[in-house]
Amino acid sequence: MSTVKVLRFGPIRYAQEAWQKLEQRPNVEVVESGASSRAEFLKELDEGKFKDVNVIARTFESVKQTGLLDKELLALLKEKTSLQAISHNGAGYDQVDAVECGRLGIQVSNVPSLVDAATADTHIYLLLGALRNFQDSTLRMLQGKWPSEKCAGTPVGHDPEGKVLGIYGMGGIGRAVRDRAKPFGFRKILYHNRNRLAPELEQGAEYVSMDELLSQADVISINIPLNDATRHSINKDTIAKMKDGVVIVNTARGPIVDESALLPALKSGKVGAFGSDVFENEPNVNMELIRQPNVVSLPHMGTHTVETMKAMEEFVVQNVAAFVDQGKVLSIVPELKGKF
Ligand SMILES: O=CC(=O)O
């Protein structure tokens with residue numbers, strides 16, 4: 001291939017060396033966008049600034065610069081650039097309409113596997129924190145409530161031992177959650193996926209229908225990708241099927257949970273606690289939701305470690321390099337497998 005032009009969004013935090021090596025190749029040119037909004041990016045496109053761009057390397061946060069890579073933007077990219085591949089930094093690529101990319105002949109890669117450990121670690125923190133009311137206890141201590149009351153007046157929590165864990169989405173992250181959860185002594189670990197896993201991947205977890213998972217689990221662990229089928233799959237109806245006092249933990253994507261249904265359920269105690277790293281309208285979080293005493297919250301930091309972020313950034317570069325070398329990204333997303 002002649003020169004491959006790469007449009008890079010987002011800062012390079014850790015993979016400077018990998019990017020430098022790529023940029024030193026005689027047939028690679030990397031450009032950046034100065035846009036701080038979709039309108040500005042559309043103007044850059046109109047000006048023909050990126051007409052020779054073949055690859056976009058992007059981050060989750062770069063949605064601030066372009067908006068979603070939806071049908072409208074993809075059509076413009078197709079018209080005003082030479083786009084053939086998008087290398088997304090993250091496991092979840094719901095900001096990119098992958099099916100439409102396939103239709104337009106644009107490959108999409110993500111970063112699977114490398115995110116599993118850090119995300120599952122975060123999940124366990126939230127799971128224990130939600131069972132034990134740890135966020136509420138910290139806030140109470142900071143408010144000076146400890147001297148007057150035992151444990152600063154925090155409501156008594158629950159042990160994981162003897163409970164049923166229901167894993168909704170048993171991909172790489174779900175399986176890493178299962179492995180980390182085992183030593184805590186859950187009585188049973190159930191899971192639900194669209195399809196049952198091979199026995200060697202189940203590792204003792206029991207495949208059940210969604211309804212069985214909802215009705216039997218004491219703790220529901222959400223690890224599925226966000227798409228049209230999973231958006232708001234935790235809603236008023238599915239919450240009604242759950243056990244009273246169920247604990248829900250989400251490190252996948254906020255919009256999987258319909259927060260307008262969750263909030264009253266948290267207030268009534270139907271949902272005993274919610275531990276979440278992700279929120280429906282993040283970064284603009286529903287403050288009433290995160291202020292509930294039975295919520296443990298984090299600002300989307302599942303992969304926020306030096307080691308994992310470095311590995312992810314380097315993998316984004318590997319995907320670009322594979323496209324430069326072979327015309328194919330390394331880790332094409334499942335929707336587009338076999339299409340290129
Ligand atoms: O949210 C993080 C990711 O998708 O990797």
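Counting from 1, the numbers follow the sequence of the chain as shown. Note that ligands are numbered from 1 as they come in the structure, with each ligand's atoms numbered from 1 the same way.
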Atom-level proximity to ligand 1, residues with heavy atom under 4.0 Å: Gly90, Ala91, Gly92, Val115, Arg253, His300, Met312
Worked check of ring-ring contact (aromatic ring centres under 6.0 Å, His included) between Phe41 and Phe9: CA-CA 11 Å; Phe41 180 58; Phe9 287 101; 5.5 Å; yes
Residues that Tyr191 engages under ring-ring contact (aromatic ring centres under 6.0 Å, His included), provided they are two or more places apart: Tyr207
Aromatic ring proximity His300/Phe279, centre distance under 6.0 Å: no
Side-chain heavy atoms of His123 within contact of Ile173, under 4.5 Å: no
Contact check, side chains of Thr303 and Met312, non-hydrogen atoms, under 4.5 Å: yes
Ion pair Lys78/Glu100, N-O distance below 4.0 Å: no
